[in-house]
**Q** 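Can you read through this structure? Questions will come right after.
Source: prediction; values computed, not measured.
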Amino acid sequence: MAHSEDGPRPKYQRIADTLREAIQAGQYGPGDRLPGENDLMATHGVARMTARQALSVLRDEGIAEARKGAGVFVRAFRPLRRRGIQRLAEQRWGNGRSIWSADIENRSLEVDQVTVSEEAAPDRVATVLDLADGEPVCVRRRRFVLDGKPVLLATSYLSMSLVAGSAITQEDTGEGGTYARLAELGHKPVHFREEIRSRMPSQGEAVRLSMSAGTPVILICRTAFTAEGRPVEFNEMTLDAASYVLEYDFDA
C-alpha cells in the first residue's frame with residue numbers, strides 16, 4: 001500500500017475528514033449538532049483527546065462552532081450579499097438611501113460604536129488622498145451590526161480642508177450619507193476603486209466582530225474619486241468573512 005511521504009494521516013484528521021464529508025453530503029445541515037466527544041470515542045474507538053482534536057479541526061476551519069454547554073454545531077451561514085457595483089450607484093445615495101440598502105434587503109441593520117475625530121493623516125492615507133504628511137483628516141469609525149451580529153468595521157478618511165463645517169464631521173451625516181454630502185460640497189464621487197485582501201483577524205478585531213475561531217477577515221480598501229480624478233474619501237473596511245458573499249455583476 002502506498003503511503004504519502006509524510007506517512008498516514010493522524011487518526012484525528014481522518015475522523016475530521018469523515019465529519020466534513022458528512023456535512024458536505026448534507027447529513028448534517030446548518031445549525032445541526034455534530035457528534036460529541038463521547039460519541040466519537042465510541043464510534044471510532046479513540047481516546048478523548050483524539051476526539052477533541054478532530055472537532056477542533058472543524059472549528060479551526062470555520063465549518064463548525066462550539067456553543068458553551070451544548071456541543072459543537074455546523075455553522076449556519078446566511079450570508080450578506082455585498083453587491084460591489086450596484087451599492088455605489090448614485091441613484092442610491094443620490095436619492096437619500098444608504099449604500100447599505102443594496103445589501104441588507106429586509107434584515108435589521110444597526111450602526112453602533114460611531115466616532116468622528118480630527119487626526120493627522122497616517123502615511124498610507126496621505127498617499128492615497130494626495131495630502132501632505134500629517135495633514136488633518138476627518139476620521140469616521142463605525143461598526144455595523146446585522147440581526148444582532150457585528151459584521152463589519154469601517155474607517156473613513158476625508159481631508160479636513162474639504163469637509164470642515166459640514167455634516168460629514170457629525171456622527172449622523174443625514175440622508176444619503178457621506179457621498180450625498182460630498183456632492184453638495186461640489187466634490188461628488190463618480191468613480192470608485194476597491195482593493196480586496198484577506199487575513200486572520202487581530203485579537204481586537206475578533207472581539208469587536210464577535211468572531212468564531214478559524215474565521216478570516218476580508219479587508220476592502222475603497223477610494224472615491226471626483227470627475228476630475230481627485231480622491232476625496234479613503235475607506236478601510238474589515239468584514240467577518242463568515243458573514244459575507246462578495247458579488248460583482250457587470251456587463252461585458
Side-chain angles (χ1 to χ4, degrees), residues 20 23-26 29-31 61-65 74-114 128 140-157 173 175-180 182-183 188-202 205-206 208-226 231-252:
R20 193 187 304 101
I23 293 166
Q24 288 166 350
E61 290 176 1
I63 294 170
E65 58 187 352
V74 179
R75 180 179 278 172
F77 182 52
R78 191 190 166 200
L80 187 59
R81 286 194 172 272
R82 184 183 188 276
R83 297 178 169 91
I85 292 171
Q86 296 92 320
R87 69 200 307 276
L88 292 169
E90 184 185 348
Q91 65 192 48
R92 191 168 292 281
W93 50 263
N95 288 329
R97 295 159 71 196
S98 156
I99 61 174
W100 265 79
S101 63
D103 303 338
I104 61 172
E105 294 158 353
N106 57 358
R107 298 168 75 177
S108 165
L109 174 75
E110 181 192 353
V111 182
D112 73 354
Q113 298 185 359
V114 180
V128 173
R140 302 182 52 80
R141 294 183 174 89
R142 292 91 70 211
R143 184 176 74 161
F144 295 78
V145 181
L146 185 76
D147 296 341
K149 162 74 173 76
V151 292
L152 166 74
L153 307 174
T155 304
S156 294
Y157 301 88
T173 53
E175 289 190 353
T178 297
Y179 294 156
L182 281 170
K188 181 170 80 176
V190 301
H191 179 73
F192 301 91
R193 180 175 63 226
E194 290 192 342
E195 296 176 355
I196 300 173
R197 293 181 294 131
S198 185
R199 60 165 166 74
M200 297 310 288
S202 68
E205 289 165 342
R208 287 188 69 201
L209 289 170
S210 303
M211 293 174 70
S212 304
T215 310
V217 286
I218 300 168
L219 307 171
I220 301 179
C221 293
R222 179 171 71 234
T223 311
F225 299 88
T226 65
V232 287
E233 183 221 29
F234 181 55
N235 189 350
E236 293 181 316
M237 292 162 274
T238 305
L239 290 65
D240 172 4
S243 298
Y244 276 91
V245 167
L246 304 186
E247 181 181 298
Y248 294 89
D249 188 349
F250 44 86
D251 297 327

**Q** Work out which heavy atom in Tyr179 is nearest to a heavy atom in Pro189; give both atom names and the distance.
**A** CD2-CG, 3.7 Å

**Q** Any idea which heavy atoms bring Ser198 and Pro216 closest together, and the distance?
**A** OG-CB, 3.9 Å

**Q** Return the set of residues passing side-chain hydrogen bond (donor to acceptor under 3.5 Å, both in side chains) with Thr238 (not counting sequence neighbours), or none when no residue passes.
**A** none

**Q** Minimum heavy-atom separation for Pro231 and Thr223, please, with both atom names.
**A** CB-CG2, 3.9 Å

**Q** Sequence neighbours excluded, which residues qualify as side-chain hydrogen bond (donor to acceptor under 3.5 Å, both in side chains) partners of Arg208?
**A** Gln113

**Q** To the nearest 0.5 Å, tell me how far Ile220 CD1 sits from Tyr244 OH.
**A** 7.5 Å

**Q** Roughly how far, to the nearest 0.5 Å, is the CD atom of Glu205 from the CE atom of Met211?
**A** 8.0 Å

**Q** Any side-chain heavy-atom pair from Val217 and Arg199 closer than 4.5 angstrom?
**A** yes

**Q** Look up atom CG in Leu182 and atom NZ in Lys188, then write down how far apart they are to the nearest 0.5 Å.
**A** 12.0 Å

**Q** Quick one: pull up CZ in Arg140 and OG1 in Thr178 and give me the separation to the nearest 0.5 Å.
**A** 4.5 Å

**Q** Got a sec, which residues hit salt bridge (charged side-chain N to carboxylate O under 4.0 Å, His left out) with Glu110, two or more places apart in sequence or on another chain?
**A** none

**Q** Tell me every residue that passes salt bridge (charged side-chain N to carboxylate O under 4.0 Å, His left out) with Arg193, counting only those two or more places apart in sequence or in another chain.
**A** none

**Q** Can you list the residues that meet the side-chain hydrogen bond (donor to acceptor under 3.5 Å, both in side chains) rule with Thr226, with sequence neighbours excluded?
**A** Glu228

**Q** Looking at residues at least two apart in the chain, or sitting in another chain, which of them share a salt bridge (charged side-chain N to carboxylate O under 4.0 Å, His left out) with Arg142?
**A** none

**Q** Out of curiosity, Asn235 CG to Ser156 OG, how far, rounded to the nearest 0.5 Å?
**A** 3.5 Å

**Q** Would you check if Thr215 and Leu209 make a side-chain contact, meaning some heavy-atom pair closer than 4.5 Å?
**A** no

**Q** Using the side chain to side chain contact (heavy atoms under 4.5 Å, CB included) criterion, which residues pair with Glu236? Sequence neighbours excluded.
**A** Arg124, Tyr157, Cys221, Phe234

**Q** Thr155: which residues meet the side-chain hydrogen bond (donor to acceptor under 3.5 Å, both in side chains) condition with it, sequence neighbours left out?
**A** none

**Q** As an exercise, state the distance from CG of Leu239 to CZ of Phe144, rounded to the nearest 0.5 Å.
**A** 10.0 Å

